[in-house]
*Asks:* 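Take this structure, written in C-alpha cells, and hold onto it; I'll ask about it next.
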Amino acid sequence: MDILVERAEGVMTIAFNRPDKKNAITAAMYQTMVDALNEAQTDTSVRAIVFRGSPGIFCAGNDLEDFMKSPPIGEESSVIQFLRAISGAEKPLVASVAGAAVGIGTTLLLHCDLVYAADSASFSLPFTQLGLCPEAASSLLLPRVGGYQAAAEKLMLGEAFDAKEAQRMGFVNRLLPAAEVDAFALAQAAKLAALPASSLRVTKSLMKRAAHHEIHTQISDEAVHFGKMLLAPEAREAFKAFFEKRKPDFRQFD
Ligand code: COA
C-alpha cells in the first residue's frame, strides 16, 4: 500500500509509503487520501489527523510520470479533490516532516494546523523549474505566511530551503531531531484528540472562515493555469529531463 491509513485513540494517521519513489504521489494515492479524509470528516471517532512520511523522506510531490502520461486536469481530478479535502477539513491536521518535502509535499503543509519538522528536513517548491505554476493556493498562502519577498524567492526560484528557514517563514511550528518528529507530532495530535471536539471545530472554523472563499477560488484559478502548463512544451521538457537525469534546456522556448 502506497498510502497507509491507521487509526488509534482518536487519531487517524495518513502515511506516505512509497519510499522507492521518494513518496511521490500518484492519482491512486490522492484518491486513497481523499477517501480517508472524507471518512474522517464524518467519523466521530476520528478527532485529529496526522500526515507523515517514511524514514528519511516526507514526499517528493506529484508523481512526474503521472504528470507526463495522464496529467490531472480539472476540478474532478483526484489532486484537486485532495486539495479541497485538506483546505476544507474541519478536524485538526498535524504534519510530521522528517525528510524532503517537495511541491505538494510542502504546499499541503500550508493547510495543516500544526507542522513539526526534523531539523534536517528540506522544503522546495520547484514549480517554475518544471515549467509550472504554484498550486494548493500556495500563491496566496505563502506570501501571507512568510511575506511577499520570502515567498517570491521560494516560488520563483524554486530552490530548496532548510527547516530553520521554513520555521522562520512561519509554516513550521517546531524543529526536532529526525528520530523524534513522528512521535512528537502524534503526541500533539493525541492532545488534540483528548480536547472537546466541538471547541476545536469552532476554533478552527473561526480562524479559517475569513480566508475560506479566497482559498477556494485561488485553488481553482491556479488549477486552470497549471492544467494548461502541464501540457506545454516547457513542462514536457522538464519531466523528460528529470527521468533522463539531466538538466532541462528551456532556451528553445520564448
Ligand atoms: N515522480 C516520479 N518519480 C520520482 C519523483 C517524482 N516526483 N521523485 C523521485 N522519483 C523517483 C526517481 O525517478 C527515482 O526513481 P528510479 O530509482 O526508478 O530512478 C527514485 O524516485 C529516487 O529518486 P532520486 O532522485 O534518485 O532520489 P534523491 O534522493 O537523489 O532525490 C528528490 C530526492 C526528492 C530531491 C528528487 O527525487 C526530486 O527532486 N524529485 C522530483 C521532485 C519534483 O519535482 N516533484 C514535483 C513537484 S511539482
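We count ligands from 1, going down the list as the structure has it; atoms in each ligand are counted the same way. Positions are given from 1, in the same order as the sequence printed here.
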*Asks:* May I ask you to check whether over 12 heavy atoms, not counting those of F253, lie within 6.0 Å of atom CZ?
*Replies:*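 Counting other residues, nucleotides and ligands, CZ of F253 exceeds 12 neighbours.
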
*Asks:* Is there a protein heavy atom at a distance of less than 4.0 Å from atom 40 (N) of ligand 1?
*Replies:*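 Under 4.0 Å from atom 40 (N) of ligand 1, at least one protein heavy atom found.
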
*Asks:* Among K245, E65, Q129, which one puts a heavy atom closest to atom 14 (C) of ligand 1?
*Replies:*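 Residue with the shortest heavy-atom distance to the ligand atom: K245.
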
*Asks:* Can you confirm whether the side chains of Q188 and K191 place a donor and an acceptor under 3.5 Å from each other?
*Replies:*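 Result is yes, a qualifying pair exists.
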
*Asks:* Could you work out, for atom 48 (S) of ligand 1, the closest of I25, T107, L130 by heavy-atom distance?
*Replies:*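 Ranked by closest heavy atom to atom 48 (S) of ligand 1, first place is L130.
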
*Asks:* Does NZ or CZ of K154 fall inside the cone over F123's six-membered ring, less than 6.0 Å from its centre and within 45° of the axis?
*Replies:*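 Relative to the ring axis of F123, which defines the angle, K154 lies outside at least one limit.
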
*Asks:* Can you pull out the closest protein heavy atom to atom 42 (C) of ligand 1? Residue, atom name and distance to 0.1 Å, please.
*Replies:*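 For this ligand atom, the closest protein heavy atom is A60 O, 3.3 Å.
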
*Asks:* What part of R18, side chain from CB on, backbone N/CA/C/O, both or neither, has a heavy atom under 4.0 Å from ligand 1?
*Replies:*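 Under 4.0 Å from ligand 1, R18 contributes no heavy atoms.
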
*Asks:* With heavy-atom distances below 4.5 Å as the criterion, would you say the side chains of P72 and I80 are in contact?
*Replies:*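 Result no, sub-4.5 Å side-chain heavy-atom pair not found.
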
*Asks:* With side-chain contact (heavy atoms from CB on, under 4.5 Å) as the test, pick out the partner of D113 among K208, M207, K91.
*Replies:*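 When side-chain contact (heavy atoms from CB on, under 4.5 Å) is applied between D113 and each of K208, M207, K91, only K208 qualifies.
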
*Asks:* Going by an N to O cut-off under 4.0 Å, is there a salt bridge joining E237 and R246?
*Replies:*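 Judged by the 4.0 Å cut-off on N to carboxylate O distance, E237 and R246 do form a salt bridge.
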
*Asks:* Looking only at distances, please establish whether an N/O atom of ligand 1 is found under 3.5 Å from an N/O atom of G61.
*Replies:*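 Min N/O separation from ligand 1 is not below 3.5 Å for G61.
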
*Asks:* Does some non-hydrogen atom of the protein lie less than 4.0 angstrom from atom 46 (C) of ligand 1?
*Replies:*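 Under 4.0 Å from atom 46 (C) of ligand 1, at least one protein heavy atom found.
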
*Asks:* I'd like to check F161 versus M169 (side-chain heavy atoms, cut-off strictly below 4.5 Å). Are they in contact?
*Replies:*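 A side-chain contact exists here, since the closest heavy-atom pair is under 4.5 Å.
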
*Asks:* What is the closest protein heavy atom to atom 28 (P) of ligand 1, and at what distance does it sit?
*Replies:*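 Looking only at protein heavy atoms, the one closest to atom 28 (P) of ligand 1 is K22 CE, 3.9 Å.
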
*Asks:* Do E90 and S205 have side-chain N/O donor and acceptor atoms under 3.5 Å apart?
*Replies:*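 E90 vs S205: no donor-acceptor pair found between side chains.
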
*Asks:* Specify the protein heavy atom at minimum distance from atom 38 (C) of ligand 1: its residue, its atom name, and the distance to 0.1 Å.
*Replies:*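 For this ligand atom, the closest protein heavy atom is F242 CE1, 3.8 Å.
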
*Asks:* Does any donor atom in the side chain of S96 or D182 lie under 3.5 Å from an acceptor atom in the other side chain?
*Replies:*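 Side chains of S96 and D182: pair found under 3.5 Å.
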
*Asks:* Is K21 salt-bridged to D63, going by a charged N under 4.0 Å from an acidic O?
*Replies:*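 Salt bridge: no.
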
*Asks:* Name all residues meeting the ring-ring contact (aromatic ring centres under 6.0 Å, His included) criterion together with Y30; count only those two or more places apart in sequence or in a different chain, and write none if there are none.
*Replies:*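 Once residues adjacent in sequence are excluded, the partners of Y30 under the ring-ring contact (aromatic ring centres under 6.0 Å, His included) criterion are F82.
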
*Asks:* With atom 7 (N) of ligand 1 as the reference point, say which of D63, T26, N62, N23 has the nearest heavy atom.
*Replies:*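 When every heavy atom of D63, T26, N62, N23 is considered, N62 comes closest to atom 7 (N) of ligand 1.
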
*Asks:* Applying a heavy-atom cut-off of 4.0 Å, say which part of V102 lies close to ligand 1: side chain, backbone, both or neither.
*Replies:*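 Contact part for V102 vs ligand 1: side chain (C-beta onward).
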
*Asks:* Apply side chain to side chain contact (heavy atoms under 4.5 Å, CB included) to the pair V46 and E39, showing each step before the final yes or no.
*Replies:* CA-CA 9 Å; V46 176; E39 245 177 77; over 6 Å; no

*Asks:* So is K21 polar-close to ligand 1, meaning N/O to N/O under 3.5 Å?
*Replies:*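 Right, the criterion is met.
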
*Asks:* What residue and heavy atom of the protein are closest to atom 1 (N) of ligand 1, and at what distance?
*Replies:*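 Looking at atom 1 (N) of ligand 1, the protein heavy atom closest to it is L64 N, 2.8 Å.
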
*Asks:* Under 4.0 Å, heavy-atom basis, I'd like to know which part of I104 is in contact with ligand 1: side chain, backbone, both or neither.
*Replies:*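 Near ligand 1, I104 shows nothing, with every heavy atom at 4.0 Å or more.
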
*Asks:* I'd like to know if E135 contacts ligand 1, where contact means a heavy-atom distance under 4.0 Å to any ligand atom.
*Replies:*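 It does not; every heavy atom stays at 4.0 Å or beyond.
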
*Asks:* Might you check, step by step, whether the distance between atom 22 (C) of ligand 1 and some protein heavy atom is under 4.0 Å?
*Replies:*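 So atom 22 (C) of ligand 1 has protein heavy-atom neighbours under 4.0 Å.
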
*Asks:* Name the closest protein heavy atom to atom 5 (C) of ligand 1, giving the residue it belongs to and the distance to 0.1 Å.
*Replies:*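 The closest heavy atom on the protein side is A24 CB, 3.8 Å.
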
*Asks:* Could you check whether any heavy atom of L132 sits closer than 4.0 Å to an atom of ligand 1, since that is the contact criterion I want to use?
*Replies:*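 Outside the 4.0 Å threshold, so no.
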
*Asks:* Considering heavy atoms of the protein only, find what lies nearest to atom 20 (C) of ligand 1 and give residue, atom and distance to 0.1 Å.
*Replies:*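 So the nearest neighbour among protein heavy atoms is D20 O, 3.4 Å.
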
